[in-house]
Every structure is written in structure tokens, then in C-alpha cells.
Amino acid sequence: MNKPKLKIAVFASGYGSNFEAIAKACQSGEIKAQVVLMVCDKPTARVNSLADELGVERMTFSAKDYASKAEYEAEIVERCKALGVELICLAGYMRLVGETLMEAYEGRMINIHPSLLPSFAGKDAVERAMEWGVKVYGATIHYVDSTLDGGKIIAQQAIPYEGDSIDELMAVIHPLEHQLYIDTIKKLTKQTK
Ligand code: GAR
């Protein structure tokens, strides 16, 4: 009998290219999982229309409509639990995770970051790395804890680059992130192919 597919929620705040890569890899059968929910804290972000196009249920919210982080996270947890979410993938979700989400999904929540952590945690990581004259860039996937881009590292991939064009570098880092996320989800689901 076929194993039931792992149920994933992807959290994003912006463009959504990582969400798109994960959702499409699930839909094509490359990853034996299903993205059952996309959570976004920015109503105008492109990722929302992308979720609609891909037929992925979404929860879009504005933090300012809630009295506290605990309140909106309680709603997120409720929605995730109702859909049977087993793994949360943060993909450009630009918010610190609070206690409510941590208590519900600690050890089952992962994040991608466009640097070789623990270097350059936080916003604009690639730009800041370039200002430092970094010669090896990359991406990291790690378990989420309550600190900014903190938590035990699961996977990393490095890419040498000595130019000075952010656009050129981003054009390399994004596809690298997408593949790293897909490969990592496969590993976590013990799927080798
Ligand atoms: C990605 O590069 C991701 O690594 C980064 O946001 C981007 C989202 O792109 N995340 C962080 O910086 C987390 N601190 P996307 O919306 O196209 O997937």
C-alpha cells in the first residue's frame, strides 16, 4: 500500500519562488508530499496569487489586525492542525517565530536562508555578504528556533562568486535554494529519488 503523502505548509512573505519550487515539485510527484497550505503575512505579496494559480489553499493575514503574535500564531496553528500539517517550511517568511508556533511545531519546522549560516543571519544577507567582499556564498536550511535564522543546520550548499553584481549572484542563489529545499524535504521524508 502507498504511504500517505507528507502534508506540508509553506510560509512566505514576498515573491514566493521557493514556495513555487516546492509546490511544483510536490505536484509533479518529484517530492512525495503535498503542500496543503501557504501562509503569508503580506496581503499584497506575489506569493498569494501564485498559491491561487497553483490551487494551494492559503491563509493570508496582517499582523496589525491581531492584538499579539500569540493570537495570530494560534490561528495559524489551528489551521495547520485542521489540515494535518506535519512539516512547516519557512520560505522567505520574514517574521520571528513565537512560542505558540514553536510549541506546536518545534523539530518539524525548517527555514531557508541565503547565506552560509551562522554568517549573515537576518535581512539582506546577500547584499551584506557582498559588502564584506565574501568570496563563497550559499544557502542554508536549518531547524527553526526562536532566534533570527537560528537553529541546528540540516543542509548547506556553497557557491563561489567573485563578481560585484547582486542580480547576477541572485540569479545563481535562487535556483540553488530551490534545489536545496527540494533535496532536503526528500531527505527528511526519507525519499531518495
Ligand atoms: C529567499 O532567498 C530566502 O532564502 C530568504 O528570502 C528569500 C525569499 O525568496 N529568506 C531569508 O532571508 C530568511 N531570513 P522567495 O520569496 O522568492 O522564495
Side-chain angles (χ1 to χ4, degrees), residues 8-28 30-31 33 35 37-54 56 58-63 69 73 76 87-98 101-102 105 109-132 134 136-159 161 165-185 188:
I8 297 177
V10 178
F11 290 21
S13 301
Y15 192 72
S17 71
N18 280 281
F19 160 71
E20 184 175 7
I22 295 168
K24 285 187 171 166
C26 290
Q27 289 179 349
S28 73
E30 187 187 352
I31 303 177
V35 179
L37 183 67
M38 193 285 292
V39 174
C40 179
D41 63 323
K42 294 274 180 291
T44 58
R46 180 226 185 214
V47 70
N48 292 298
S49 50
L50 200 52
D52 295 344
E53 274 165 37
L54 292 171
V56 175
R58 68 178 161 96
M59 173 182 165
T60 305
F61 71 97
S62 287
K69 187 187 285 269
E73 286 196 345
I76 296 175
L87 176 71
I88 292 177
C89 297
L90 306 187
Y93 180 68
M94 299 313 233
R95 281 185 179 274
L96 267 183
V97 167
L101 251 174
M102 282 305 297
Y105 280 97
M109 184 161 35
I110 63 178
N111 179 44
I112 189 153
H113 186 72
S115 77
L116 296 171
L117 288 171
S119 293
F120 303 107
K123 274 191 182 168
D124 304 324
V126 183
E127 288 84 346
R128 285 184 288 119
M130 190 171 269
E131 273 164 29
W132 272 93
V134 157
V136 181
Y137 295 81
T140 302
I141 294 184
H142 61 92
Y143 286 106
V144 173
D145 67 15
S146 53
T147 62
L148 183 66
D149 298 317
K152 191 160 185 198
I153 291 168
I154 304 167
Q156 276 185 319
Q157 193 164 337
I159 177 100
Y161 180 77
S165 161
I166 278 283
D167 290 346
E168 192 176 72
L169 181 53
M170 287 301 192
V172 180
I173 289 185
H174 276 303
L176 178 149
E177 285 194 314
H178 304 161
Q179 197 55 54
L180 191 64
Y181 228 150
I182 290 168
D183 291 345
T184 301
I185 294 170
L188 290 177

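One-based numbering, in listed order, for ligands and for the atoms of each.
- Looking from atom 13 (C) of ligand 1 to the surrounding protein, the closest heavy atom is H113 ND1, 3.4 Å.
- In this structure, M94 is part of the shell of residues with a heavy atom less than 4.0 angstrom from ligand 1.
- For ligand 1, the atoms closer than 4.0 angstrom to any heavy atom of G92 are 6 (O), 8 (C), 10 (N).
- For the pair G16 and ligand 1, a heavy-atom separation below 4.0 Å is found.
- For A9, the side chain to side chain contact (heavy atoms under 4.5 Å, CB included) partners two or more places apart in sequence, or in a different chain, are F11, L37, C80, V85, I88.
- Seen from the ring of F120, R128 does not count as a face-on cation partner, given the 6.0 Å and 45° thresholds.
- Nearest non-hydrogen protein atom to atom 5 (C) of ligand 1 is P114 CD, 3.7 Å.
- Protein heavy atom in closest approach to atom 4 (O) of ligand 1: E177 OE2, 2.4 Å.
- With ligand atoms numbered from 1 in the order given, ligand 1 contributes 16 (O), 17 (O) to contacts under 4.0 Å with heavy atoms of Y15.
- A 4.5 Å side-chain heavy-atom check between Y181 and I141 finds at least one atom pair inside the cut-off.
- Below 3.5 Å of separation, one finds no N or O of N111 facing any N or O of ligand 1.
- No side-chain heavy atom of M94 sits under 4.5 Å from any side-chain heavy atom of D41.
- At distances below 3.5 Å, not a single donor-acceptor pair connects side-chain atoms of S115 with backbone N or O atoms of A125.
- At a heavy-atom distance under 4.0 Å, only side-chain atoms of D149, from C-beta outward, approach ligand 1.
- Only the side chain of H174 comes within 4.0 Å of ligand 1, counting heavy atoms alone; its backbone N, CA, C and O stay farther away.
- Looking at Y15 and E20, their side chains never bring a donor and an acceptor atom within 3.5 Å of each other.
- Of the possible donor and acceptor atoms, one in the side chain of D145 sits under 3.5 Å from a partner among the backbone N and O of G151.
- By the 4.5 Å heavy-atom criterion applied to side chains, V97 and E73 are counted as neighbours.
- Among all protein heavy atoms, the one lying closest to atom 10 (N) of ligand 1 is I112 O, 3.6 Å.
- The closest protein non-hydrogen atom to atom 17 (O) of ligand 1 is S17 OG, 2.6 Å.
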